[in-house]
There are 2 protein chains.
Amino acid sequence: MFTESAMSRQTRVVADFAPPCHQPSTIEELFSKQMAERFEAGSAVFWEGDTASHVFAVTEGVLRIFKIMSDGRRVITGFVYPGDLLGVSLRDSYLYTAEAVTTARVRRFGRTRFQDEINHSPDLRPQLFAQLCDEMAAAQDQMVLLARKSAEERVSSFLLVIMRRLRREQQEQPVIELPMTRQDMADYLGLTIETVSRTMTKLTTCGVIAPTGRHAVVIKRLAKLLVLAGEGDVGYASDETNSIRRAVWPEYYTAQ
Amino acid sequence: MFTESAMSRQTRVVADFAPPCHQPSTIEELFSKQMAERFEAGSAVFWEGDTASHVFAVTEGVLRIFKIMSDGRRVITGFVYPGDLLGVSLRDSYLYTAEAVTTARVRRFGRTRFQDEINHSPDLRPQLFAQLCDEMAAAQDQMVLLARKSAEERVSSFLLVIMRRLRREQQEQPVIELPMTRQDMADYLGLTIETVSRTMTKLTTCGVIAPTGRHAVVIKRLAKLLVLAGEGDVGYASDETNSIRRAVWPEYYTAQ
DNA sequence: CGACACGTTGAGGGCACTCAATAGTGGTGG
DNA sequence: CCACCACTATTGAGTGCCCTCAACGTGTCG
């Protein structure tokens, strides 16, 4: 895979009946021509161990990817949002099960076809590589969370991660949507449903967050949440670090 | 990055004074021409947050890669063995610190140069991709371990992972070398040094392992270790599953 | 309104952590 | 050769955080 030549590119374009002058320059664009499929909440896109025949791009909704131990213990290794790819990191079979949390829309490519596309496009390769790097960075952060953070730190970190994700995708959002159940959060954070619930209550009582219905919260005190998440290096932070943080969250970052 | 043209390849080859007829066909071969550098136990190859200027290949020794929280909590996200790459998953700066556990030898490429090489070689790209997939699969397994496994399961799983790794690299090895300290193991498994020590003692008492000095053990009962690791789906296993397992560890797998 | 799923709250227990003391291990020098 | 030290590992006692088990709210559907 990843081979490239003027010859093979020509071949591909002809096979697709696409105008040779209009190559997709982003992965999003590449998938946009594929048929959109709809998955209802709770339905699976693929299962761990299935032969990995397709690569998916999420255009709408949220999915969970998870592994299950032989005795039923479940670990959610990530939540997948619009713009994310699904099923890329694989050998011959999928590493995890992917299931819709909300009604979701995805587009798919045959694995071989996707690899050809990536191979032939010098524009797409770095995008795919960047996606994989982001995925790896997220996995590393998750390992830190699971290995060493307290329940309070885990829940706080989770809220921050979701916040940043929504910010990237959508507009300014003081309200954070949490479409997943408490059980999903627990299986993602390595906690029980009861501990997640208790911790959310505690954060509410402290005035850090304010619930808006069951599946959304408003962050009232971001600075405090950062500290609780274990990202608050306030005691050690240089002026430079703090100025960077202010640049990242200008409207939120106020000492409280 | 990953951009490609006949022109740039020409430039590269001339700059290296390498024979155009002898392209490296494996990543190992690619690195073999680079100077080997020696790192003493405890010394760092690079630090988390450093500008990611190089990609490394380990040829000898073992390294640990870790992240540290602002208050000093350390999480080892992986151990790196000969044949592994180091510093590939990155954006602009390294995701983690890499430190030699034992005296280690590594070879390096400038990041840009490495990307060029990968870009220009249809042989190397799938190898790199496969490496990244393995890394991702390992990260997922680690998340399962950290999120849901007991101390006993964690230590047992760790021993199995190391065993498989040594088996891949070296010859048949009943003795498993554990060059890292108990603190390293603890920071990898999300436990304390005391819990690791107690669990190792317990496994020894049970007759599952037998210590050979401080930094090596012999696995006496693999079947039991598999069960303790949470990989023992014995109660559920189909004949097919078991036959697969026997094929993987033919000389070890005996019901005990 | 009842059934059901999901979420919250409470009481008690256990696994792993903390703190502390002891025992190996390896290196150095008298 | 052995005393001495620094470092690492083991073992023990007690605590605490989170889990387990259980009951009670809450929201949604028929």
message: For residues 39-50 of chain B, which residue pairs pass the side-chain hydrogen bond (donor to acceptor under 3.5 Å, both in side chains) check, not counting sequence neighbours?
response: B/Arg38-B/Glu40, B/Glu40-B/Thr103
Pairwise side-chain hydrogen bond (donor to acceptor under 3.5 Å, both in side chains) hits with a residue in residues 202-215 of chain B, at least two apart: B/Glu152-B/Lys202
- prompt: Restricting to pairs with a member in residues 54-64 of chain B, which pass salt bridge (charged side-chain N to carboxylate O under 4.0 Å, His left out), not counting sequence neighbours?
  reply: B/Glu60-B/Arg105, B/Arg64-B/Glu99, B/Arg64-B/Asp184
field: With sequence neighbours excluded, residues passing salt bridge (charged side-chain N to carboxylate O under 4.0 Å, His left out) with B/Arg182
entry: none
- prompt: Who passes salt bridge (charged side-chain N to carboxylate O under 4.0 Å, His left out) against B/Glu28, sequence neighbours left out?
  reply: none
Could you give the [atom1]-to-[atom2] distance, from [X] to [N], as a whole number of Å?
{"X": "B/Asp184", "N": "D/dC7", "atom1": "CG", "atom2": "P", "answer": "16 Å"}
{"X": "A/Leu189", "N": "D/dC17", "atom1": "CG", "atom2": "P", "answer": "19 Å"}
{"X": "B/His215", "N": "D/dA9", "atom1": "NE2", "atom2": "C1'", "answer": "9 Å"}
{"X": "B/Met200", "N": "D/dT8", "atom1": "CE", "atom2": "P", "answer": "17 Å"}

query: Are A/Val196 and A/Met200 close enough, and set up right, to give a side chain to side chain contact (heavy atoms under 4.5 Å, CB included), and what steps lead you there?
result: CA-CA 6 Å; A/Val196 170; A/Met200 292 289 284; 4.3 Å; yes
- line: Min and max contacting nt of DNA chain C in 5' to 3' order, chain A heavy atoms within under 4.0 angstrom, are C/dG7 to C/dA11
- prompt: Can you give one letter per nucleotide of nucleotides 18-30 of chain D, 5' to 3': B if a protein heavy atom sits under 4.0 Å from the base, S if only from the sugar-phosphate, - if neither?
  reply: SSBBB---S----
- prompt: What residues form a ring pair (Phe, Tyr, Trp, His ring centres under 6.0 Å) with A/Phe158, not counting sequence neighbours?
  reply: A/Tyr188
message: Holding to ring pair (Phe, Tyr, Trp, His ring centres under 6.0 Å), I want the full list of residues that pass it with B/Phe56, two or more places apart in sequence or in another chain.
response: B/Phe46
message: What I'd like to find out is whether the side chain of A/Leu159 reaches to under 4.5 Å of the side chain of A/Leu203, using heavy atoms alone.
response: yes
field: Divergence of helical axes at both termini of the helix from C/dC1-D/dG30 to C/dG30-D/dC1 - five pairs an end, 10° steps
entry: 30°
message: Please classify the nucleic acid contact of B/Ser197 as base, sugar-phosphate, or nothing, using heavy-atom distances under 4.0 Å.
response: base
task: Could you list the residues that satisfy side chain to side chain donor-acceptor pair (under 3.5 Å) with A/Thr77, not counting sequence neighbours?
output: B/Gln140
- line: With sequence neighbours left out, the residues meeting side chain to side chain contact (heavy atoms under 4.5 Å, CB included) with B/Val55 are B/Phe31, B/Val88, B/Phe114
